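Reviewing the structure listed below.
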Amino acid sequence: MDLTYILQQILNALSLGSMLALLAVGYTMIYGVLGLINFAHGEVFMIGAFAAMYAITGLGFSLPIALIIAIIASVLVGVILERFCYRPVQGSGDITLFITSLAASIGIRSLFIMFFGSRSLQFPMPEYLQGIRFWGDILITDLNLIIFIFTVLITLALSLFIRNTKLGIAMRGVSYNKETAEAMGINSNSIIVATFVIGSALAAVAGVAWGLQYGNVRPAMGYHPGISGFIAAVLGGIGNITGAAISGFLLGVGQVLFVAFLPSVYSGLRPLFVWIVLFIILFYKPTGLFRSNIKWE
Amino acid sequence: MVKDSTNNQNLLTLKNIESGYGHVKVLHNVSLKVKKGQIVTIVGANGVGKSTTIKTILGLIKANAGEIKFKGETINGLETYEIVASGIGYSPEGREVFGNLNVYENLRIGAYTVDKKDFSERLEEVYKLFPRLKERKNQEASSLSGGEQQMLAIARALMQDPDLLILDEPSLGLAPIIAEEIFNRLAEINQMGTTILLIEQNVSLALQLSDHAYVMEKGKFVLDEKASVLAENDYVQKTYMGIA
């Protein structure tokens, strides 16, 4: 097991890491403003992937248009979830919110299984993304590279937005203290909606990336990435956007390396890795790897 | 910042307000008037309903009965952010600055309802009033001292150039000399035309500053007088000012 092999595995993991980073940022932002672990986030991700798949295969759109349609679909579902599932139970306690989001997650997934069956549907990949290149002995696909660069750019843009714009500052204010933010003239509900819009849009991008990377979509596809994204958010110190993004990459790379070092019969154990990480984190560093006592860094 | 100070005009009125938390009624039939340009203080012991009165005005607690009028418009029933945007600045009990934001960002949130072009103008005025905040504009609010946090809370409330500034216990936990400095600033703010409604435990300091004062006990106003008259009142001196 040489260095080339490890480097190769890390590069292979870039796209998975990117998807987890995008999901983790959504989890952590929504948690920040609402104190809610939105377990339906994996389903919002799945809906983005389905919308893009349908836009390409059913309606014949190009990938960029399909991506926009995916974002619109996920954002709509995210906003509907907030308005009709989470807002009515706001203020009735963490457990209620938690159960509501679990119910939404299972409900949406089951609905999609009813309509589309539980089998995988093919997600077509345009030819211009199928290129591969060699760096010495290391092989990298164009798709992997593009997903990674795209994710880094989105995350950077988002952190600039959160840091410098009026809306971004208001989001951080609401995440710190909703009541005081209201008393400064901020409509916290509209800030929460804005947060769901951003989080859901990121999930849609992740969903499309997933479809491209693995070539198929299915109703239950959001389950494992959803859990991994959530664990990445915990690892990053929940409420911490940069931490969530970095942790998403760490978990993606970690998952791939975990399997790479195990004999191949155990490759099905990949999902186990994130749970091990979660246990270790909760035991030894429940505040996460990054500074998290101060929200929304 | 100078406002038209046609006196004797009621800026804020509370009429027969009943309010509380769930089934616990705190305010009984509370009525209050704040005239334009005045400084009005509510004094009283802990837990008699002073903060509840303010939270009811701001819509953080909904009044069960009665009417609240601000600038002639009925405001009870509106959401807090709407009430605040109609021209009320609020400096909450315990400052409640956004500890995760720096001083500048806190002020920017205070100006949430203000246009961008007015923002820099407001910022200059507020920095002029509290030069220390300008020095610390890039510092995280949680790292400020108690007095600086109080200044920030007041400055933040002033960012939208409110008609009415409401302060809940601005001197709480501050060294006397800092409290005095804060009160001097309040006098200055009032002279520039902002009406002030104040809740204060430091009764002698508050009465010196105010035009009018209410004494609250068990959710009711028991005295309602000119501040200078109340300062001479035997009962007030004995109960609230520690003068035998």
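The sequence lines fix the lettering, A, B, ..., with proteins before strands; numbering per chain opens at 1. All values below were derived from every heavy atom in this structure, side-chain atoms included, with hydrogens, water molecules and symmetry-related copies excluded. All of these numbers come straight from a predicted model, not from anything done at the bench.
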So, the side chain of B:Arg122 versus the backbone of B:Met159: is there a donor-acceptor pair under 3.5 Å, distance only?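 Yes, B:Arg122 side chain to B:Met159 backbone: donor-acceptor pair under 3.5 Å.
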
With only heavy atoms counted, which part of B:Ala111 is less than 4.5 Å from chain A, the side chain, the backbone, both or neither?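 Only the backbone of B:Ala111 comes within 4.5 Å of chain A.
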
With a 4.5 angstrom heavy-atom cut-off, which part of B:Leu58 approaches chain A: side chain, backbone, both or neither?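 Neither part, no heavy atoms under 4.5 Å.
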
Using the ring of each side chain (for Trp, its six-membered ring), is A:Tyr27 parallel, tilted or perpendicular to A:Phe39, with breaks at 30° and 60°?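 A:Tyr27 and A:Phe39: perpendicular rings.
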
Parallel, tilted or perpendicular: rings of B:Tyr214 and B:Phe221 (30°, 60°):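 The rings of B:Phe221 and B:Tyr214 sit tilted, inter-plane angle from 30° to 60°.
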
Quick check for you: to the nearest 0.5 Å, what is the distance between A:Leu76 atom CG and A:Ile71 atom CD1?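 It comes to 12.5 Å.
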
For A:Asn189, is it the side chain, the backbone, both or neither that has a heavy atom under 4.5 Å from a heavy atom of chain B?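 Contact with chain B involves no heavy atom of A:Asn189 at all.
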
